[in-house]
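What you see is a predicted model, and the numbers here were worked out from it, not measured in a lab. Throughout, protein chains are lettered first and strands after them, A, B, ... in sequence-line order, and every chain is numbered starting at 1.
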Amino acid sequence: MKTMLNVALPKGRLGEKVYAMFEKAGFECPSIKENNRKLIFENPEKNVRYFWVKPSDVAIYVERGAADIGVAGKDILLEYEPDVYELMDLDIGKCRMAVAAKKDFRDNPQRTLRVATKFTNITKNYYSSLGRDIDIIHLNGSIEIAPILGLSDVIVDIVETGTTLKENNLDVVETIVPISARLIANKSAYKFKGDLVEAVVNGFNIAERE
Amino acid sequence: MNMQVLKNDEKAIFEMRTLYRKYGYSQYKMSKFEEYDLYVRNKDFLVSDNIITFTDTDGKLMALKPDVTLSIIKNTNESENTVHKVYYNENVYRVSKGTHSFKEIMQVGLECIGAIDDYCIYEVVMLAAKSLENISESFVLDISHMGIVSGVIDSLGISHAGRKQLVKCISEKNLHGISAVCDAEGVDGEALRKLVSVYGGTDAVMPVLESIGLDRSNPDVNKLMQVVAALEGCGFKNKVRIDFSVISDTKYYNGFVFKGFIEGISESILSGGQYDNLMRKVGKSCGAIGFAVYLDMLERLCENENEYDVDTVILYEEGCDLGALNNAVSMLTANGKTVMAQKAVPEKIKYKQLLKLNERGVEIIENNA
């Protein structure tokens with residue numbers, strides 16, 4: 001049986017950009033461009049199999065070995081801290097993890113800071129590095145309205161252009177960490193499919209230099 | 001003995017115990033419980049902070065052991081010229097990452113405590129490789145030397161926080177991360193990046209080490225090369241590889257560290273190293289090296305799944321002739337068949353043949369195979 005390289009791609013615009021990089025690196029799979037609802041595509045000639053998964057799940061697929069490699073945002077890697085190799089910064093999907101608050105917000109260090117976020121782990125690590133006592137409010141979406149409604153003092157979220165924040169009368173108070181897409185690999189797969197993984201990394205490197 | 005009856009993990013335990021005994025290791029048996037105090041003092045050594053505790057009848061706080069190594073160290077007397085060689089096969093209780101609940105994990109491992117020399121190190125690493133080989137032909141044992149990695153990091157002279165970040169990047173083979181940390185600290189990370197990127201046998205690694213100024217005059221490099229070359233010489237070429245991204249907490253580990261992988265299992269299944277620093281922390285002056293194999297992962301390894309639950313189901317009626325039924329069952333088992341005697345066909349059982357015992361004898365009702 002031929003060894004196939006299983007690649008988890010994040011569904012959406014970022015994933016399409018990432019696939020284009022794989023294509024350029026010599027791992028094309030023409031069937032992926034067909035317009036249908038299929039989630040798994042393979043090209044046995046190039047020993048590669050792609051599947052589309054929810055962006056926040058890519059790290060799980062790779063950590064558990066269902067995918068050998070994948071592309072995930074640094075935000076996901078910092079949040080879930082999966083035990084994987086982070087082989088490359090792809091320099092796409094760039095944004096930053098930031099603290100934002102209402103324009104007139106004034107921090108009172110004597111009070112516990114209430115922080116609304118999707119990224120509880122990143123938030124916890126950030127504020128514990130500052131030695132600040134916080135109350136985390138975990139939300140799954142529309143984080144921006146939390147400070148407006150008085151649910152929280154600040155939010156920790158991904159900021160791309162800042163338009164959403166501006167429209168909701170919020171400002172970035174502090175940047176926690178810059179984010180971009182990373183190529184990750186399962187540690188065990190790296191040992192047993194090393195040649196294929198290396199071929200991808202080299203292909204990306206060459207494409208980058210061009 | 002028919003080894004087919006054994007499951008993957010049971011087979012592995014059987015074979016590893018045989019292997020360790022061959023090299024003169026004796027079994028270390030311990031109780032399920034240990035005083036909680038032992039773990040509190042060495043919390044960072046444990047994989048997770050969570051420990052199941054309970055109060056013993058005399059009011060002492062006890063714990064279900066999350067780790068075996070600490071107990072072995074505690075109970076081993078120091079000796080000047082000899083080495084205690086023990087192996088164990090114990091359950092430990094840890095929180096599993098996925099479910100956030102406690103799990104019982106079967107561990108097999110060995111510890112070498114005392115006057116550790118190069119041969120001891122070689123023997124333990126070799127036994128680690130053989131343990132993996134017992135489980136599957138397709139395995140890899142990655143070896144690193146903490147002395148070499150720490151040496152390169154120390155030479156950078158960076159802050160404590162930067163060092164912590166670097167260690168994480170090294171374990172992820174994260175070259176761009178190393179660059180970012182080094183740039184922020186204003187130092188050149190080229191040597192470290194080279195060290196982390198190299199992966200393979202002695203002939204692939206040595207030239208790279210030399211290119212960053214580490215040759216055989218460095219005692220750590222010399223030791224690592226010697227041990228790995230010896231393993232390559234005894235049939236483990238391409239199986240035993242040098243990988244400096246294998247890294248453990250320097251508070252406890254020094255010298256050799258290693259991790260083992262099996263094709264088809266997504267996580268490392270074996271982990272070990274030299275832990276002289278832990279020995280110092282518990283007030284002992286001798287050295288120690290050991291490893292553990294996590295057997296719970298073997299479940300995931302494909303084995304030949306039985307298509308049938310049982311070869312034959314034999315039906316009988318209550319009050320039938322016991323002698324006749326016994327004869328029929330014995331005859332089938334004597335022919336190497338597995339037999340299940342039942343009064344009615346159980347639900348969800350897959351069998352090859354269904355028989356029925358009546359006054360006339362044994363009758364075939366159904367044949368599936």
Select one option (side chain, backbone, both, neither) describing which atoms of [X] are under 4.5 Å from chain A's heavy atoms.
| X | result |
| --- | --- |
| B/F139 | backbone |
| B/I269 | neither |
| B/S138 | both |

(Q) Looking only at the side chains, is there a donor atom on one of B/S159 and B/E185 sitting less than 3.5 Å from an acceptor on the other? (A)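 The criterion, which ignores hydrogens and geometry beyond distance, is satisfied for B/E185 and B/S159.
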Q) Any side-chain donor-acceptor pair under 3.5 Å between B/Y93 and B/E104? A)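 Checked: B/Y93/B/E104 side chains pair up, N/O donor to acceptor below 3.5 Å.
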When you measure from the side chain of [X] to the backbone of [Y], do you find a donor-acceptor pair of N or O atoms at a distance under 3.5 Å?
| X | Y | result |
| --- | --- | --- |
| B/Y199 | B/D142 | no |
| A/E79 | A/T120 | yes |
| A/N6 | A/R49 | no |
| A/K166 | A/T161 | no |
| B/E232 | B/T202 | yes |
| B/H176 | A/D89 | yes |

Q: Grab the two heavy atoms, one from A/L9 and one from A/F22, that are nearest each other, plus how far apart they are.
A: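 Smallest interatomic distance, heavy atoms only, reads CD2-CE1, 4.0 Å.
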**Q.** Distance-minimising heavy-atom pair for B/V149 and B/S144
**A.**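 Looking at all heavy atoms of both residues, the shortest contact is CG2-OG, 3.8 Å.
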(Q) Sub-4.5 Å heavy-atom contacts with chain B: which residues of residues 127-139 of chain A show up? (A)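 Checking residues 127-139 of chain A against chain B gives no residue, so none.
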(Q) Quick check on the structure: residues of residues 175-193 of chain A within a heavy-atom distance below 4.5 Å of chain B, by number. (A)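 Counting heavy atoms that sit under 4.5 Å from chain B, the residues of residues 175-193 of chain A involved are A/R182, A/N186, A/K187, A/S188, A/Y190, A/K191, A/F192.
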Q. With the threshold set at 4.0 Å, does a side-chain nitrogen-carboxylate oxygen contact exist between B/E190 and B/R193?
A.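 B/R193 and B/E190: salt-bridged.
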